[in-house]
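Only one structure is covered here, and it is reproduced in the block below.
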Amino acid sequence: GAVVSQHPSWVICKSGTSVKIECRSLDFQATTMFWYRQFPKQSLMLMATSNEGSKATYEQGVEKDKFLINHASLTLSTLTVTSAHPEDSSFYICSASRPGTGSGEQYFGPGTRLTVT
Amino acid sequence: KQEVTQIPAALSVPEGENLVLNCSFTDSAIYNLQWFRQDPGKGLTSLLLIQSSQREQTSGRLNASLDKSSGRSTLYIAASQPGDSATYLCAVRDSSASKIIFGSGTRLSIRP
């Protein structure tokens, strides 16, 4: 199956700093990627849809100035958590679909655990 | 707005039993439905994908059904094993194939 990677797998940062998380599709090109966050023992919440070459579409309640998304190439989307605070600590997961298959199957990255101290 | 619900939230059964996990969704205009498994602290593993035109999919001991008209899907696990212990998530992709909405998950524990 298709492979989606994320980097880093975990990161610890201090309050007020910014953290960048990368999501890569390793064996296919993805015009659209999705970013989710997951709090402990909760389900995944869609944050935004990342579109290659255009602005991301954010879900209601997600601050676009705080969670910067850049989809500069067909294989890479980045999520930058700016001025991070402890409440931003969470598990962040990205996903992508392999185009052309028509199945719409989503392939998920392994996730990035962010801890803000 | 699509809402996805999973019942039960948690389930504990002895090894060897067959079990059913339930997923319901409010808007039947879906593109597909996918079942995932998530181990603690890990990412998602795709188990089964059912297209909107399909009724069921099978993979090994797993069988997933879809009844779009009633807004329901079930994941059947046969002859459960301790290694099946995980959280199971269902996710619905809307008809425009633009968004995926996840259910809250069922935490499954298989007792040896």
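We name chains A, B, ... by the order of the sequence lines, and we start the count at 1 in each one.
When the candidates B:Ala91, B:Gly105, B:Gly43 are compared by the number of heavy-atom contacts under 4.5 Å with chain A, B:Gly43 comes out ahead.
Heavy atoms of other residues, nucleotides or ligands lying less than 6.0 angstrom from CZ of B:Arg37 number more than 12. Open room surrounds CZ on B:Arg55; 12 or fewer heavy atoms of other groups in view lie less than 6.0 Å from it.
Remark: aromatic rings of B:Phe102 and A:Phe34 are distant, center separation not under 6.0 Å.
Linking Ile, Leu, Val, Met, Phe, Trp and Tyr whenever their side-chain heavy atoms come within less than 4.5 Å puts A:Phe108 and A:Phe91 in one cluster. Hydrophobic clustering (ILVMFWY, side-chain heavy atoms < 4.5 Å, transitive): A:Phe67 and A:Tyr36 are in distinct clusters. Following chains of ILVMFWY side-chain contacts shorter than 4.5 Å, one can reach A:Val11 starting from A:Tyr92, so the two form part of one hydrophobic cluster. Note on B:Leu48: it does not cluster hydrophobically with B:Leu44, by side-chain heavy-atom contacts below 4.5 Å among ILVMFWY residues. Residues B:Leu75 and B:Ile30 fall within the same hydrophobic cluster, defined by Ile, Leu, Val, Met, Phe, Trp and Tyr side chains chained together at heavy-atom separations under 4.5 Å.
When atom types are taken as modelled, the side chain of A:Ser43 and the backbone of B:Gly103 share a donor-acceptor pair closer than 3.5 angstrom.
Interface remark: A:Thr57 contributes no atoms to any contact with chain B (heavy atom separation under 4.5 Å). Using a 4.5 Å cut-off between heavy atoms, A:Ile93 contacts chain B through its side chain alone, with no backbone atom that close. For B:Gln38, the part lying under 4.5 angstrom from a heavy atom of chain A is the side chain only. Neither the backbone nor the side chain of A:Gln6 comes within contact range of chain B; no heavy atom of the residue lies under 4.5 Å from a heavy atom of that chain. For B:Ile100, the parts sitting under 4.5 Å from any heavy atom of chain A are the backbone and the side chain alike.
Separating the CZ atom in B:Arg93 from the CD atom in A:Gln106 is a distance of 4.5 Å, to the nearest 0.5 Å. Rounding to the nearest 0.5 Å gives a distance of 7.5 Å between CE of A:Met45 and CD1 of B:Ile101.
Side-chain contact between A:Lys41 and B:Ser104 is absent, with no heavy-atom pair separated by less than 4.5 Å.
Nearest heavy atoms, B:Gly41 versus A:Arg113: CA-NH2, 3.6 Å.
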